[in-house]
Amino acid sequence: MALLQIAEPGLSAAPHEHRLAVGIDLGTTNSLVATVRNGISTVLNDIEGCALLPSVVRYAPDGSVQVGYAAQAVQSDDPQNTIVSVKRFMGRSLKDVGEVGNLPYRFVDAPSTGSGQAPGMLQLRTVAGAKSPVEVSAEILKVLRERAELSLGGELVGAVITVPAYFDDAQRQATKDAARLAGLNVLRLLNEPTAAAIAYGLDNAAEGVYAVFDLGGGTFDISILRLSKGVFEVLATNGDSALGGDDFDRRIYCWILENGGVSALSAHDTRLLLTNARSAKEQLTEYPQTQITAVLGGGDLVDMTLKREVFYEMTQNLVARTLQATRRALRDAKLKVEDIKGVVMVGGSTRMPQVQHAVGEFFGQAPLNNLDPDKVVALGAAIQANVLAGNRTADDWLLLDVIPLSLGIETMGGLVEKIIPRNSTIPSARAQEFTTYKDGQTAMSIHVVQGERELVSDCRSLAKFELRGIPAMVAGSARIRVTFQVDADGLLSVSAREMASGTEASIVVKPSYGLSDEEITRMLQDSARHARDDMVARALRELQTEAAQLLDAVENALQEDGDALLDEIAQARIRGSMDALRAVLQEEDQQAIKRAVEALNSASTEFAQLRMDKSVKHALAGHKLSELED
């Protein structure tokens with residue numbers, strides 16, 4: 001049975017009408033734009049016949065902006081005004097960029113976006129003023145939009161733009177902002193591995209479980225997908241948002257510095273050697289050794305021979321990091337290596353022989369390379385754009401993508417209650433009910449977090465907002481429903497509603513742009529490494545929260561009825577147990593806290609019974625037996 005095709009609202013095409021939509025691969029090293037023509041996905045070339053657009057932008061002294069090959073040609077001559085690999089700075093603050101000392105740019109750290117918020121996204125100082133990565137990326141997207149409109153002969157209705165599966169909320173939002181700045185209507189942000197699977201699935205009629213191994217210029221993603229009769233279901237995704245071809249280049253750059261006797265580099269020299277390092281990496285894909293020659297600004301000559309074996313050795317741990325993420329993805333998908341029917345290679349960095357060899361050895365089969373790894377993502381994005389624009393295609397299909405990290409809120413004791421677990425299919429909406437902690441509580445702070453650990457302190461804070469106007473009730477009586485909604489782009493909105501009064505508050509999570517590059521990968525690694533510790537920590541926090549609630553309840557009861565129902569000795573015994581519990585409450589000894597809780601419960605049992613008798617007498621006062629029988 002064929003699946004129904006559903007277009008974006010208002011984009012359903014009239015009969016015989018073809019709406020112009022494109023897929024864009026906004027890459028770290030190169031970018032591309034593709035579209036569907038006569039039912040076939042194809043990459044659009046520039047007027048020179050080139051499909052790839054180098055992701056390089058230069059701000060010239062005369063006020064002009066150069067993008068692509070023209071900018072790439074002068075990157076060593078004007079390194080501070082020529083921005084390379086800007087994708088690695090998207091949604092990042094200055095403290096997140098670990099390689100600042102090895103880069104020729106003049107960075108500007110943006111101020112915080114608000115009280116208690118992380119720093120804003122960094123900027124790069126150029127002759128045209130300070131430019132954010134969003135503005136630089138918009139220049140690249142603008143050229144691709146103009147190329148598409150010139151090639152297709154009309155205005156675009158929209159574009160699907162691909163992002164690494166492990167891009168977080170800040171990076172995704174920054175990508176959408178760049179597209180808007182470039183005059184593009186974003187139909188969807190699509191994960192790069194998923195886009196590649198779409199291209200492979202439709203072009204090759206593939207069925208079964210596939211791994212998409214995507215090593216680009218700046219990021220690495222691994223996705224496990226099941227392809228079946230037009231349904232593309234992402235089972236699990238993993239990766240490293242700070243691992244790509246640039247890191248292999250940097251290893252060569254560092255090798256040159258260590259073995260070439262080079263020191264005190266200018267910005268020009270740094271860019272020159274990084275450019276030579278990239279060229280050497282590409283040469284070693286084809287040849288067993290390569291010559292690195294450069295004349296530095298001070299007249300020093302760099303003339304070195306780099307052999308393939310040395311390059312393999314210095315990058316061995318980078319390749320190992322890709323396989324670590326691959327193991328985690330398989331574990332999340334509950335699959336074994338032998339369950340994988342094929343491994344799709346995506347991204348120019350997968351051309352490196354050591355990567356091909358390592359992947360083939362890990363999966364026990366030769367990787368699939370029959371589609372150009374530089375173009376496959378853009379081709380898949382174009383197919384998705386064609387569907388979302390409302391154009392009819394010969395194949396009906398359904399895409400089921402996932403969210404990479406769990407989303408939840410903070411509960412008492414600094415614990416995380418996960419509402420949407422990672423690898424949930426998106427778009428997704430889930431709700432959960434919570435209640436108040438204190439008697440008479442009329443407001444609740446909602447703290448939205450992302451991550452896999454049990455404690456808020458080990459996860460990433462996304463947003464905070466307050467629900468006010470809760471009717472004053474006894475603790476635990478209010479019902480607050482918190483709803484999480486993740487749209488098809490992986491962006492989150494959260495709402496909270498008190499069910500009795502209808503009081504509601506909500507927030508669209510548009511995070512500040514400060515987040516460390518390693519944080520997402522570290523979250524998953526830590527969640528596996530500290531799983532047992534987290535369980536113990538969660539149990540301790542829950543016990544501490546329960547003990548604190550007991551102390552509050554007994555204290556309130558003593559203030560209300562202590563003098564009326566108890567003599568001084570009984571009150572002193574209860575307060576002694578309370579002091580003993582307070583003394584151990586902040587310690588890490590669960591057994592000591594449990595014993596103190598049990599002692600307080602035992603000491604206050606008679607008091608609780610007396611209060612119950614008093615309540616019953618109060619309820620019966622003034623009533624005749626016949627009234628109660630009636």
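Keep in mind the model is a prediction, meaning the values are calculated, not measured.
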Straight-line distance of [X] [atom1] to [Y] [atom2], nearest 0.5 Å:
X: Q72; Y: S55; atom1: CD; atom2: OG; result: 9.5 Å
X: N238; Y: F220; atom1: CG; atom2: CZ; result: 8.0 Å
X: L243; Y: T219; atom1: CG; atom2: OG1; result: 8.5 Å
X: T175; Y: D177; atom1: OG1; atom2: CG; result: 8.5 Å
X: L257; Y: L273; atom1: CG; atom2: CG; result: 6.5 Å
X: Q283; Y: L306; atom1: CD; atom2: CG; result: 11.0 Å

Closest approach of [X] and [Y], non-hydrogen atoms and distance?
X: P193; Y: S223; value: CB-OG, 3.3 Å
X: N81; Y: R106; value: OD1-NH2, 3.5 Å
X: D374; Y: L32; value: O-CD1, 3.2 Å
X: A381; Y: L190; value: CA-CD2, 4.2 Å
X: V212; Y: A196; value: CG1-CB, 4.0 Å
X: A174; Y: V134; value: O-CG2, 3.7 Å

Measure from the side-chain N and O atoms of [X] to the backbone N and O of [Y], and report whether any donor-acceptor pair falls under 3.5 Å.
X: T315; Y: L318; answer: no
X: Y105; Y: V84; answer: yes
X: S349; Y: G216; answer: yes
X: D339; Y: K336; answer: yes
X: R308; Y: L284; answer: yes
X: T162; Y: E192; answer: no
X: R271; Y: P79; answer: no
X: R58; Y: Q66; answer: no
X: N317; Y: A320; answer: no
X: T350; Y: G347; answer: yes

- Message: Can you list everything that forms a salt bridge (charged side-chain N to carboxylate O under 4.0 Å, His left out) with E149? Sequence neighbours excluded, please.
- Response: R145
Heavy-atom side-chain proximity of [X] to [Y] below 4.5 angstrom:
X: T28; Y: V86; value: no
X: V355; Y: T322; value: no
X: P353; Y: Y312; value: yes
X: F362; Y: L330; value: yes
X: L144; Y: L53; value: yes
X: V343; Y: M345; value: yes
X: H357; Y: P367; value: no
X: V163; Y: K87; value: no

Residues [X], [Y]: salt bridge by 4.0 Å N-O rule:
X: R88; Y: D247; result: yes
X: R351; Y: D372; result: yes
X: K375; Y: D25; result: no

- Would you check, one step at a time, whether the test side-chain hydrogen bond (donor to acceptor under 3.5 Å, both in side chains) holds for T305 with Q291? CA-CA 5 Å; T305 300; Q291 200 71 18; 2.7 Å; yes
- Item | Candidate pair V136 and Y59, rule side chain to side chain contact (heavy atoms under 4.5 Å, CB included), full reasoning | CA-CA 10 Å; V136 179; Y59 294 93; 3.7 Å; yes
- Message: Determine whether F248 and M352 satisfy the following criterion, side chain to side chain contact (heavy atoms under 4.5 Å, CB included), listing intermediate values before the conclusion.
- Response: CA-CA 10 Å; F248 288 78; M352 289 185 284; 3.7 Å; yes
[X] atom [atom1], over 12 foreign heavy atoms within 6.0 Å:
X: E313; atom1: CD; answer: no
X: Q316; atom1: CD; answer: no
X: R125; atom1: CZ; answer: no
X: I47; atom1: CD1; answer: no
X: Y287; atom1: OH; answer: no

- Message: Would you say the rings of F363 and F213 are close, in the sense that their centroids are separated by under 6.0 Å?
- Response: no
- Message: Whether the S132 and Q123 side chains hold a donor-acceptor pair (N or O, under 3.5 Å, no angle test) is what I'd like checked.
- Response: no
- Say whether Q324 and D240, considering side chains only, have a donor N or O and an acceptor N or O under 3.5 Å apart. no
- Decide yes or no on side chain to side chain contact (heavy atoms under 4.5 Å, CB included) for R327 and L323, but give the supporting numbers first. CA-CA 6 Å; R327 290 187 187 93; L323 298 182; 4.0 Å; yes
- Item | Test applied, side chain to side chain donor-acceptor pair (under 3.5 Å); reference residue, S85; option that passes from D246, D249, T29 | D246
- Message: For a side chain to side chain contact (heavy atoms under 4.5 Å, CB included) check, start with the C-alpha distance between V22 and N386, then their side-chain angles and the critical distance, and finish with the verdict.
- Response: CA-CA 7 Å; V22 295; N386 194 53; over 6 Å; no
